[in-house]
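Order of the sequence lines sets the chain letters (A, B, ...), proteins ahead of strands, with each chain counted from 1.
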Amino acid sequence: MTLEKTPVTDFATDFDHTDPAWVADPYPIWEELRQRCPVAHTERYGGAWFPATHEGVSRIAKDTKNFTSRTVIMNDGRPDELALPSPIGVAPPITSDPPFHQIARKLILPAFSPGAINPLEPQVRALCRTLLDRLAESDVVEASWEYARLIPPSVIRQMLGFPEEDTEVFIDIVHTVTESVDLPMDERIAAFEPIEEYFTRQIEDHQVHPRDDLTTFLLNAEIDGQKLAVEHVFGTMILILVAGIDTTWSAIGSSLWHLAQNPSDLERLVHEPDLMTVALEEFLRFYAPVTMARLVKHDMDYLGVAMKEDDWILLGFPAANRDPAAFPDADRFIIDRAENRHVAFGLGIHRCAGSNLARLELRVALEEFVARYPRFTLADPDQVTWSQGQIRGPRRLPIRVG
Amino acid sequence: MRVVIDGDLCQGQGRCFSIAPSVFGFDELGNGVVLAAGELGEGALELARLAQANCPEHAVRVVE
């Protein structure tokens, strides 16, 4: 059951990122907040702040002294209620703070470095082509549900070494973690139980049958001569799964949504393939899918507001990317924007560890789609639906290709 | 003119080696490294400046 919620009438004093208006089109809301506040507040979720400027987002992202990453998904609970193991956090390193954060992060970074990720390109390309072959029969294709959605899980599943037939299970798990934020706490905890069972089964299988994948790597990894705590292995696997699927799915979907409505951008991508390097970064700036969260560590005045210990910070990297103080013509999509310091992957020590994989998947997914369909349009704008929560992207996206 | 990466600021955003692969590479963790030691030629300098203008962490600097 979803709690009955009051619609938001003033986002400056009572914001809610799950409000239908925010879900449908958050950009005018953020622009209004930048002019009015610029740090919005809400009593919802037990108290939260939303800085709408690049400066505010940037300052908080880099400030691990005053803010903690113990949990990064804003919900009605607080981390204590989930009894997180300290200092690991529920999904290290994204939920870890210094100094443990750096240890946990260094462990997984080599697996996501360009050196490890770039060789996956032929496999990602083959996957995209197979998915496009399956769509080939009709004039209208489901570019989100039947294409973008299916690209990231296949790669992540293989990296973790989970069975091929489990792709749909993955997607359910991701949905639970990122989109069910408005469930009551007991239901949210109950929803996590099947996930725990599934991962425990996979870990046990890898303990008995070690193989060359990330799960086995984590089980064998050591910190100061000690094997990782089981909570650490489990949490990092959850992180890789959750952070690697909805996010890139959303970026691919939003980019296709844009191209379906902007024929001149589509035409340029078709005829100038070299443009992709800069176009990719503009897609990431303009449609950055990921908003993070922090918790305030102690009462303080910060960015001109009185923050209280355990208040949430909704850390809107997508809002920072639309701040005219940081980007000229911030609200215009400029496909060949040459200078683009966007923060789609975050800033500071928690920079998205999977950014190289995300870029590879986004680039190849777009290259293959426009190669197959050099002209396409939105089939029916009214049928496009958007995700709710901290990951923004189209979930239904019927596109006319014929 | 030469280019440096501030290792304290670099977080592996990956923009420099994507924009200027002849000037920048990456290490085992995915952090940027400068490949072109010493004085930069004209073409490399232009690319290095573009990388500087695109680094979200302000870690890339072209210096005298």
Side-chain angles (χ1 to χ4, degrees), chain A residues 54 57-58 61-62 64 93 101-118 274 276-282 284-285 288 317 320-321 323 326-328 336-360 362-363, chain B:
Chain A
H54 183 279
V57 168
S58 171
K62 292 176 183 171
T64 55
H101 165 268
Q102 200 191 5
I103 298 166
R105 183 170 169 91
K106 274 194 168 159
L107 208 60
I108 64 162
L109 279 182
F112 293 94
S113 74
I117 294 302
N118 293 346
D274 289 349
M276 188 56 93
T277 309
V278 282
L280 199 66
E281 303 304 330
E282 183 67 344
L284 287 166
R285 181 187 74 87
F317 295 111
N321 279 347
D323 184 351
F327 301 92
D336 55 1
R337 189 182 284 271
E339 297 189 6
N340 192 348
R341 280 197 173 105
H342 73 79
V343 294
F345 293 114
L347 276 174
I349 64 167
H350 288 283
R351 186 269 305 170
C352 168
S355 60
N356 298 302
L357 175 59
R359 277 201 178 92
L360 171 69
L362 175 59
R363 176 171 58 80
Chain B
M1 303 287 264
R2 59 196 181 87
V3 65
V4 292
I5 291 178
D6 184 330
D8 290 335
L9 293 177
C10 177
Q11 298 291 348
Q13 294 270 0
R15 301 296 301 284
C16 59
F17 51 78
S18 145
I19 288 168
S22 58
V23 182
F24 305 95
F26 46 83
D27 66 15
E28 189 207 40
L29 299 177
N31 289 332
V33 292
V34 176
L35 299 175
E39 291 292 306
L40 293 173
E42 206 169 303
L45 183 60
E46 196 180 322
L47 285 172
R49 286 214 168 101
L50 199 55
Q52 177 179 6
N54 278 280
C55 176
E57 310 285 354
H58 297 264
V60 176
R61 278 203 322 274
V62 176
V63 293
E64 289 285 347

J.: Heavy-atom pairs under 4.5 Å with chain B are the metric here; pick the option from A:N356, A:V343, A:I349, A:V278 that has the most.
T.: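 The answer is A:I349.
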J.: By a 4.5 Å heavy-atom criterion (distance strictly below it), what part of B:L29 contacts chain A: side chain, backbone, both, or neither?
T.: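 The answer is both parts of B:L29.
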J.: For B:F26 and A:G115, which heavy atoms make the closest approach, and how far apart are they?
T.: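 Looking at all heavy atoms of both residues, the closest pair is CE1-N, 3.4 Å.
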J.: Decide, yes or no, whether a salt bridge links B:E57 with A:R351 under the criterion of side-chain N to carboxylate O below 4.0 Å.
T.: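 No, no charged N to carboxylate O under 4.0 Å.
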J.: Counting only heavy atoms closer than 4.5 Å, note whether A:K62 contacts chain B via side chain, backbone, both or neither.
T.: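 Only the side chain of A:K62 comes within 4.5 Å of chain B.
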J.: Between B:G14, B:C55, B:C10, which shows the greatest number of heavy-atom pairs under 4.5 Å with chain A?
T.: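 Answer, by heavy-atom pair count under 4.5 Å with chain A: B:C55.
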J.: Determine whether a donor-acceptor pair (N or O, by modelled atom type, separation under 3.5 Å) exists between the side chain of A:R341 and the backbone of B:N54.
T.: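 Between the backbone of B:N54 and the side chain of A:R341 there is no qualifying donor-acceptor contact (under 3.5 Å).
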J.: Is A:H350 close to chain B through its backbone or its side chain, or both, or neither, when contacts mean heavy atoms under 4.5 Å?
T.: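 A:H350 has no heavy atom closer than 4.5 Å to chain B.
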J.: Side chains of B:Q13 and A:L347, heavy atoms from C-beta outward: is any pair under 4.5 Å?
T.: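 They are in side-chain contact.
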J.: Just how far is it from atom OG of A:S355 to atom CD of B:Q11, taken to the nearest 0.5 Å?
T.: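 Going from OG on A:S355 over to CD on B:Q11, the span is 11.0 Å.
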J.: For chain A, which of B:A53, B:G30, B:S18 has the most heavy-atom pairs under 4.5 Å?
T.: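 Winner by heavy-atom pair count: B:A53.
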J.: Chain B heavy atoms under 4.5 Å from A:I117: which part of the residue, side chain, backbone, both or neither?
T.: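 Contact with chain B involves no heavy atom of A:I117 at all.
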J.: Once rounded to the nearest 0.5 Å, what's the spacing between atom CZ of B:R15 and atom CZ of A:R359?
T.: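 One finds 6.0 Å between CZ of B:R15 and CZ of A:R359.
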